[in-house]
Amino acid sequence: MTNRREFLMQAAGLAAAGRKPNIVFILADDLGYGHLGCYGQKKIRTPNLDRLAAEGMRMRQAYAGCTVCAPSRSSLMSGLHTGHTPIRGNEGGVPLLPGELTVAELLKKAGYRTGLFGKWGLGDAHTTGVPNKKGFDEFYGYLHQLHAHFYYTHFLWKNEKKVFLANRHDWRREYTHDLIAREAMDFVRRNRAQPFFLYLPFTIPHAELLAPDDAMAEYEGRFPETPFTSAPRFHYAPNPKPKAAIAAMITRMDRSVGQVMSLLNELGLEKDTIVFFASDNGPDAQNGNDPDFFEAAGPLRGYKTTMYEGGIRVPFLARWPGRIPAGTVNDYPCAFWDFLPTAAELAGAPVPAGLDGRSLVGRLTSAPGGAAREDGLYWESGGQAAARIGDWKAVAPRAGAPLELYHLKEDIGERRDLAGANPEMARRMADFLKASHRQPRPQTSYPPADGRRYH
């Protein structure tokens, strides 16, 4: 078992040998706390992610940056919670600006080759927020988050150039998830001789709910189905078997995670690579989804877009053979804004001042336990806000609504509002909510650079 001192000695040895640890962060989209077998899922197969948990650490109190996509990813990239992070809204097309630091910029400066494959959502084409201007040497995937709603799109972006797919003339020829996974593995092969940062934000299982026929075959006929007809706002494709589709999508993503893990083993990089896996927010309850059927949020209340635990608490796994104790479970509360300082410590880079996050290296590389988190956690989105201090959680479900107060250790499902019985704690939480919000810079939103004719 590796303690923090031993880890630092090993890291120093790697640095002396000219090798910093590779960092892989795999992000699912709208995957719930209960969607994986290692978090209790019974109906959807996730053997590779379950193995990732068995060979590493499973965090039970990990939080996304927000309850919706763009601000959650902004938090992950910036090391700042949503009261401070640059992008607060989820309308799509709001770009990061020059001078707004990302983890990719930090790692590139520390000598890493950096690659992003999948959904970005922090700056559309021809803006200051495109990945190649925010620290990524290579990019392949979706820029605008509305584009990322479609798995059989006409095109994807490769760096700052549009790459047309076979779907442009023959719909459902190329499943973009598979293309993204392939490009990510090619990046690993080409950069195996140097430290690399692979950011792999898959679009699965975000709607639209579509999977290739070979993936659907495993689940067709297994569940009672309510056909999904359409969602005109985003033009999601209808699907007569939406339950089978989301199960097939999650298992397809799990297969891709297994392929990445196998590649690291094949190239002899397992012990030199720390792999993280998480989701950007809780499960969707619309667009053909039935999270209750799959118990997608586990024992938690709420889904995507809400500030209850089901909207922000997410699966979070980390594996680093020989460094992270295998088969461990950790209850330390952590959040997306902890990733940037964690990556900085792993890379031996200075941690920028003014971050909200704290490095998790010590928590990951030693046995679970120790002091509780000393700082509070904070989220805001669209007039909602939430905070956690110790085991206390406050939720302001909408602007002007009374503050709700829950004690998570005794009430993980947030069923008993204790604000009236604990006025002092309620006031403390209200003060913390107010102090954690900083006025955002203007959030100029750009429409998709190429219109919305994605398929």
Side-chain angles (χ1 to χ4, degrees), residues 27 63-109 114 116 119-136 139 142-148 160 199 201 280-281 305 307 311-312 335-341 343-344 350-358 375-387 396 398-400 430-449:
L27 186 67
Y63 291 92
C66 192
T67 187
V68 288
C69 171
S72 188
R73 292 156 194 262
S74 180
S75 179
L76 180 69
M77 288 290 104
S78 69
L80 300 169
H81 62 54
T82 41
H84 298 152
T85 202
I87 295 175
R88 313 279 183 90
N90 200 44
E91 60 271 23
V94 179
L96 291 170
L97 301 180
E100 293 176 340
L101 179 72
T102 69
V103 65
E105 290 173 297
L106 181 148
L107 290 174
K108 184 174 181 178
K109 189 175 181 180
T114 56
L116 161 60
K119 173 179 172 179
W120 177 233
L122 303 178
D124 200 16
H126 317 306
T127 73
T128 58
V130 294
N132 299 103
K133 293 179 181 176
K134 300 310 299 178
F136 287 101
F139 164 65
Y142 303 90
L143 288 172
H144 200 287
Q145 65 198 62
L146 295 186
H147 183 196
E160 296 187 60
Y199 176 39
D280 67 343
N281 48 247
T305 75
M307 283 292 173
I312 53 176
F336 271 17
W337 49 91
D338 294 323
F339 178 57
L340 190 151
V351 178
L355 298 182
D356 295 312
R358 304 287 183 268
D375 57 327
L377 305 175
Y378 174 81
W379 303 265
E380 64 177 62
S381 177
Q384 303 177 81
R398 59 189 179 279
D431 290 343
F432 181 72
L433 287 167
K434 184 176 180 180
S436 298
H437 171 79
R438 181 186 303 152
Q439 189 67 22
R441 56 130 164 123
Q443 301 279 285
T444 302
S445 178
Y446 294 86

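These numbers come from the heavy atoms of this one structure, side chains and all, not from hydrogens, waters or symmetry mates. Predicted model, so just to flag it, every value in this text is computed and none were measured.
Applying ring-ring contact (aromatic ring centres under 6.0 Å, His included) to Y63 and the options F336, W337, W379, Y378 leaves one that passes, W379. In summary, of the residues considered (V103, L76, T114), a side-chain contact (heavy atoms from CB on, under 4.5 Å) with Y199 occurs for L76 alone.
Between the side chains of T85 and S75, no donor-acceptor pair is found at a separation under 3.5 Å.
The backbone N or O of S436 lies less than 3.5 Å from a partner atom in the side chain of H84, making a donor-acceptor pair. Here the side chain of K134 pairs a donor or acceptor atom with the backbone of L97 at under 3.5 angstrom. With Q384 contributing its side chain and T305 its backbone, the two residues share a donor-acceptor pair below 3.5 Å. Side-chain N or O atoms of D338 include one that pairs as donor or acceptor with a backbone N or O of R358 at under 3.5 Å. Although no hydrogens or angles enter the test, the distance criterion places a donor-acceptor pair under 3.5 Å between the side chain of D356 and the main chain of H81. When atom types are taken as modelled, the side chain of E160 and the backbone of P131 share no donor-acceptor pair closer than 3.5 angstrom. With hydrogens and angles ignored, the 3.5 Å screen pairs no side-chain donor or acceptor of R88 with any backbone N or O of P71.
Taking the side chain as every heavy atom from C-beta outward, C66 and N281 never approach each other to under 4.5 Å.
Here the closest heavy-atom approach between residue V130 and residue A125 is recorded as CG1-CA, 4.0 Å. The two residues A70 and I87 come nearest to each other via the heavy atoms CB-CG2, 4.2 Å. The two atoms that bring D280 and L27 nearest to each other are N-CD1, 3.7 Å, heavy atoms only. Summarising the geometry of A386 relative to M307, their closest heavy-atom pair is CB-CB, 3.9 Å, with the distance given to 0.1 Å. The minimum heavy-atom distance between T127 and P95, with the atom names listed, is OG1-CB, 3.5 Å.
A 6.0 Å sphere centred on CZ of R398 holds no more than 12 heavy atoms belonging to other residues, nucleotides or ligands.
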Checklist entry - Do L340 and M77 pass the side-chain contact (heavy atoms from CB on, under 4.5 Å) test, and can you show the C-alpha distance, the side-chain angles, and the key distance before you say yes or no? => result CA-CA 7 Å; L340 190 151; M77 288 290 104; over 6 Å; no
Exercise for the section: Apply side-chain contact (heavy atoms from CB on, under 4.5 Å) to the pair N90 and Q145, showing each step before the final yes or no. Expected result: CA-CA 9 Å; N90 200 44; Q145 65 198 62; 2.9 Å; yes
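The aromatic rings of F136 and W120 sit perpendicular, their planes meeting at an angle over 60°, well past the 30° parallel limit.
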